Amino acid sequence: MIQTRVAHIHIPGVKSRRFLHISDAHLSRAYPEDTAEEIAFAEKQAVRWGTEGRKTWDNFEDLMTLAGQMKPDALVMAGDCIDYYHPSCLRYLTEKLEETGVESLYVYGNHEGASYQYRVPDGRVQYPAYARLIGPDPAFWVREYGDLLVVGLDDSEREITERQMALFDRQMERGLPILLVIHVPLRTDGLLPLVRQHWGADGDRYFLLGNDQQSALTRAFCAKVTAPDSPVAAILAGHVHFLSDCPFAPGKRQYTAAPGGAWDIRINTDTSRTADH
Ligand SMILES: [Fe+2]
């Protein structure tokens with residue numbers, strides 16, 4: 001069963017829209033032409049990251065059925081939707097998305113370029129393989145909706161680059177509200193204790209963006225996003241593997257999706273609808 005929670009996001013003057021936000025599907029898949037080891041490993045990982053005794057691909061197929069019925073403006077995929085880089089995993093995911101016929105907005109997570117067999121010094125090395133799923137620039141992309149921008153940014157290495165910062169600045173200057181999609185969520189007062197509870201006392205080092213251990217540039221990015229005049233209206237993230245919705249600024253929330261858990265994001269201009277949150 002997929003757990004779906006509804007989030008009403010109030011953005012004055014913006015057309016009503018709906019997004020299905022997922023993350024961390026950790027899909028692994030092999031085909032008969034793969035080796036016996038690859039097939040066995042894909043199966044093992046599908047059980048490892050499955051929920052309630054169901055394999056990852058069973059959960060994902062349920063999600064695709066839901067997306068097909070819901071027909072959201074887009075399916076927002078906040079990273080780690082692939083468990084490890086392998087052409088068969090990408091083939092499976094690409095085919096499922098195309099069958100569903102719902103537009104996907106996909107950010108790169110730390111697993112998209114990862115391997116369990118050998119250490120990958122920088123997971124971003126696999127960017128070219130994701131051209132079809134993400135587009136030509138997985139580091140930074142923008143989906144224009146006229147009165148709303150959805151900005152996707154790869155923060156899977158838990159750092160923001162100078163190039164990403166410059167590209168983000170340019171979007172912030174446009175005066176349009178932004179839905180920011182990232183994999184590693186921003187460190188916030190609300191999310192920090194939940195992460196420590198789930199991943200241990202120093203879990204925030206690995207699971208959150210904006211720690212003291214990270215660069216000044218990354219912390220400056222977080223400060224910009226959370227500033228009172230920031231155009232970022234909501235953040236859609238993943239990585240922590242539990243559903244959460246914590247404020248990052250007054251009246252604004254950051255949502256994390258989870259394996260087996262999705263957010264039904266409803267953008268509306270009606271203030272009374274925000275009473276749910
Ligand atoms: Fe992750």
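Side chains included, hydrogens not; waters and symmetry mates left out as well; all remaining heavy atoms used. Only a predicted model underlies this, so the values are computations on that prediction, with no experimental measurement involved. As the structure lists them, so they are numbered: ligands from 1, and atoms in each ligand from 1.
At a cut-off of 3.5 Å, with distance as the only test, a side-chain donor of Ser88 or Asp34 sits close to an acceptor on the other residue.
Closer than 2.8 Å to the Fe ion (ligand 1) sit the protein N, O or S atoms Asp80 OD2, Asn110 OD1, His183 NE2, His239 ND1.
Val225 is listed as a side-chain neighbour of Leu180, based on a closest heavy-atom distance under 4.5 Å.
The residues Glu98 and Arg132 are annotated as salt-bridged, a charged nitrogen and a carboxylate oxygen being separated by less than 4.0 angstrom.
Across all non-hydrogen atoms, the minimal contact from Met165 to Ile160 is N-CG2, 4.1 Å.
A centroid separation of less than 6.0 Å is found between the aromatic rings of His111 and His26.
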Show your working on ring pair (Phe, Tyr, Trp, His ring centres under 6.0 Å) between His239 and Phe207 and close with a plain yes or no. CA-CA 7 Å; His239 193 48; Phe207 285 96; 4.8 Å; yes

